[in-house]
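All remarks here apply to the structure that follows.
Naming convention: chains lettered A, B, ... in sequence-line order (proteins, then strands); numbering from 1 in each chain. Computed over heavy atoms, backbone and side chain alike; hydrogens, waters and symmetry mates excluded.
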There are 2 protein chains.
Amino acid sequence: MDRLSSGGQETGDRMTANYQRIKADILEKIVRGDWKPGSAIPSETELAESYGSARATVNRAMRELADDGVIERKRKAGSRVRLAPHRQARFDIPIVRREIEDQGLAYRYALVSAVEIEAPVWLRARLGLPDPCRALHLECMHFAGGAPYQHEDRWISLALLPQAREVDFRAIGPNEWLVQQIPFTDVEITISAQVAEAAVAAHLSCRAGDPLLQIERSTRWEGAPVTFVRLMFRRGHMMTARY
Amino acid sequence: MDRLSSGGQETGDRMTANYQRIKADILEKIVRGDWKPGSAIPSETELAESYGSARATVNRAMRELADDGVIERKRKAGSRVRLAPHRQARFDIPIVRREIEDQGLAYRYALVSAVEIEAPVWLRARLGLPDPCRALHLECMHFAGGAPYQHEDRWISLALLPQAREVDFRAIGPNEWLVQQIPFTDVEITISAQVAEAAVAAHLSCRAGDPLLQIERSTRWEGAPVTFVRLMFRRGHMMTARY
DNA sequence: GAGTGGTCTAGACCACGCC
DNA sequence: GCGTGGTCTAGACCACTCG
């Protein structure tokens, strides 16, 4: 009954797709309070009729709203406005090199140390590694415009990637090498605030005890542990996201 | 030519949708190295034919792969495997109350202070508020199982939400009240590590100088500044995400 | 200019989940 | 049971962009 503003409803409309206009219109109804939190939204069939479009088009709008956490959908129950909008933020996890070069700064990488040792207990527990298990332990630094930017404490499972022994990690960073080996995996990421220990503080040119943003990341491939990394950023580093 | 494993290709298949199987199959080809980073992927039409499905189905698989940052798509150029997978993690931004109650702990909220004052310069700059501008400044604490969990330093623009003056924030937390007022907005989030100042440290039962995870969030509505909040978590708090 | 992805439609079948 | 969302199809037009 209330077609969207613009008259043209055919296909590829000027500027915005129809499903986007429908999505925006539904969102506006929710924001304005026409459809209150917890209340039901008309079915896709009804909406399709009222917008004068196909159900598939409405479906895409609704699916994206559900992905965005604005509405909840259940088969027979229909769609409802979420009581508490399920907010989530997407943070980019850039390759360090890109992150720095995108800021227009010169990137430099340095290997601090590399040793093959038996995987320590905490690492085995954390990654679910088998009991006796050898691992490659790398310590690296990333610099931005000459200044320390990030300290990388990397562990690579030699059970899954024995070829890591042959790599010269003075020439290539572990992250960039790993990306070439395993293009896609399951990842668990943890962010926290930690004090700079003396060794790390020296590398990052800050004082021991300074608060540093820490990212820990466990990577698996088909369930098998691949690598664990602890990244300490220089003091004052921030992560930003919009939604 | 190489239909996917399961014979049934009709519609609603057992367990997994066809577009998901196609998506997984394409992803596997990329991971296995059949389609290398930077190289082109067959066009949707070709893929649709080889999978024996409609182009729309392939389109959905490809669109999700693009959303996931695995491939890049351009109109005439076709689809290519990303050189460096554009990784991003989605972090849930829960309501504090839910975050705590989901852990099975008792939630308690307390208002520390509430004053109406002229918005300070830094806040006006940060949110883009007009020059003379009054704001409500709230300081709150959130407890989990009796222990301090989070310190909230909240600013609410009275230009946009004058009704905030009438609210008894001893009874309701600012976040929960705001959600009722403005169901959906544009948000900018920043995460960093900070030292606990003496005042905050006292509230969070930690020592001044301890490293704390800090989240700052600016919220707008249709471009107009609504609220700014600085959340300091108790020492040791971590944010986790998977992808 | 021409190929590729972006979008839309009309119709269809299915599975889940309330009743 | 039966309505609703989830998915699929075959065909279509369009807009972008590379060459």
Side-chain angles (χ1 to χ4, degrees), chain A residues 3-26 35 38-82, chain B residues 3-26 35 38-82:
Chain A
R3 309 245 149 126
L4 290 173
S5 50
S6 161
Q9 67 266 49
E10 235 47 68
T11 64
D13 219 336
R14 51 222 61 131
M15 301 301 292
T16 59
N18 203 359
Y19 81 90
Q20 286 176 331
R21 298 215 316 267
I22 293 177
K23 183 182 172 184
D25 188 70
I26 294 174
W35 295 335
S39 71
I41 291 175
S43 73
E44 290 190 353
T45 316
E46 292 170 325
L47 287 172
E49 194 180 353
S50 73
Y51 285 123
S53 64
R55 187 168 79 92
T57 307
V58 173
N59 179 276
R60 176 150 182 202
M62 297 286 275
R63 178 163 20 102
E64 290 200 0
L65 285 171
D67 285 345
D68 293 347
V70 179
I71 64 175
E72 278 175 320
R73 320 193 73 193
K74 264 191 245 173
R75 302 235 165 181
K76 153 82 173 174
S79 305
R80 308 186 153 275
V81 181
R82 271 197 186 253
Chain B
R3 308 245 149 126
L4 290 173
S5 50
S6 161
Q9 66 266 49
E10 235 47 68
T11 65
D13 218 336
R14 51 222 61 132
M15 301 301 293
T16 59
N18 202 0
Y19 81 91
Q20 286 176 332
R21 299 216 315 268
I22 293 178
K23 182 181 173 185
D25 189 70
I26 294 174
W35 294 336
S39 71
I41 292 175
S43 74
E44 291 191 353
T45 316
E46 291 170 326
L47 286 172
E49 194 180 353
S50 73
Y51 285 123
S53 64
R55 186 168 80 93
T57 307
V58 173
N59 179 276
R60 176 149 183 204
M62 297 286 275
R63 179 165 16 103
E64 291 200 0
L65 285 172
D67 285 344
D68 293 347
V70 179
I71 65 175
E72 278 175 320
R73 321 193 72 193
K74 262 192 249 176
R75 301 235 164 179
K76 152 83 171 178
S79 305
R80 307 187 154 273
V81 182
R82 269 197 187 252

Separation of C:dG6 atom P from B:E72 atom CD, nearest Å, is 12 Å
With sequence neighbours excluded, what pairs up with A:E46 under the salt bridge (Lys or Arg N to Asp or Glu O under 4.0 Å) test? none
Starting from C1' on C:dT7, measure out to OH on A:Y51 and report it in whole angstrom. 18 Å
Checking contacts here: which listed nucleotide (C:dT9, D:dG5, C:dG5) is nearest the side-chain heavy atoms of A:E44? D:dG5
Applying side chain to side chain contact (heavy atoms under 4.5 Å, CB included), can you list everything that pairs with A:A66, at least two apart in sequence or on another chain? A:I71, A:R73
C:dT7, D:dC16, C:dG17: which one has an atom nearest the side-chain heavy atoms of B:R75? D:dC16
In whole Å, I'd like the distance from the CD atom of A:E49 to the P atom of C:dG11. 13 Å
For the pair B:R80 and B:E72, find out whether any cationic side-chain nitrogen is under 4.0 Å from an anionic carboxylate oxygen. no
Of the nucleotides D:dG6, D:dC8, C:dT9, which one has an atom closest to the side chain of A:R73? D:dG6
Between P of D:dC14 and CG of A:N18, the distance in whole Å: 15 Å
Spacing of A:E64 atom CD relative to C:dG6 atom P, expressed in whole Å: 13 Å
A:S79 near the nucleic acid: base, sugar-phosphate alone, or nothing, with a heavy-atom cut-off under 4.0 Å? sugar-phosphate
By side chain to side chain contact (heavy atoms under 4.5 Å, CB included) - contacts of B:T57 (at least two apart): B:N18, B:Y19, B:I22, B:S53, B:A54
Going from CG on A:L47 to CE on A:M62, what distance comes out if it is rounded to the nearest 0.5 angstrom? 5.5 Å
Scan residues 55-62 of chain A against DNA chain C and write down, sorted by residue number, each residue with any heavy atom closer than 4.0 Å; if none is found, say none. A:R55, A:A56, A:T57, A:R60
Only counting residues at least two apart or in another chain, list the ones meeting salt bridge (Lys or Arg N to Asp or Glu O under 4.0 Å) with B:R55. B:E44
According to a strict under-4.0 Å criterion, is A:Y19 in side-chain N/O contact with OP1 or OP2 of C:dT7? yes
Whole angstrom value for the distance that separates P of D:dG5 from CG of A:D67: 15 Å
Quick check: on DNA chain C, is the nucleotide nearest A:K76 upstream (toward 5') of the one nearest A:A54, or the reverse? Name the residue that is more 5'. A:A54
Whole-Å distance, A:E46 CD to D:dT4 P, equals 7 Å
Between atom OG1 of B:T16 and atom NZ of B:K23, what is the distance when rounded to the nearest 0.5 Å? 12.5 Å
Would you kindly give the CD-to-P distance between B:Q20 and D:dT7, to the nearest whole Å? 6 Å
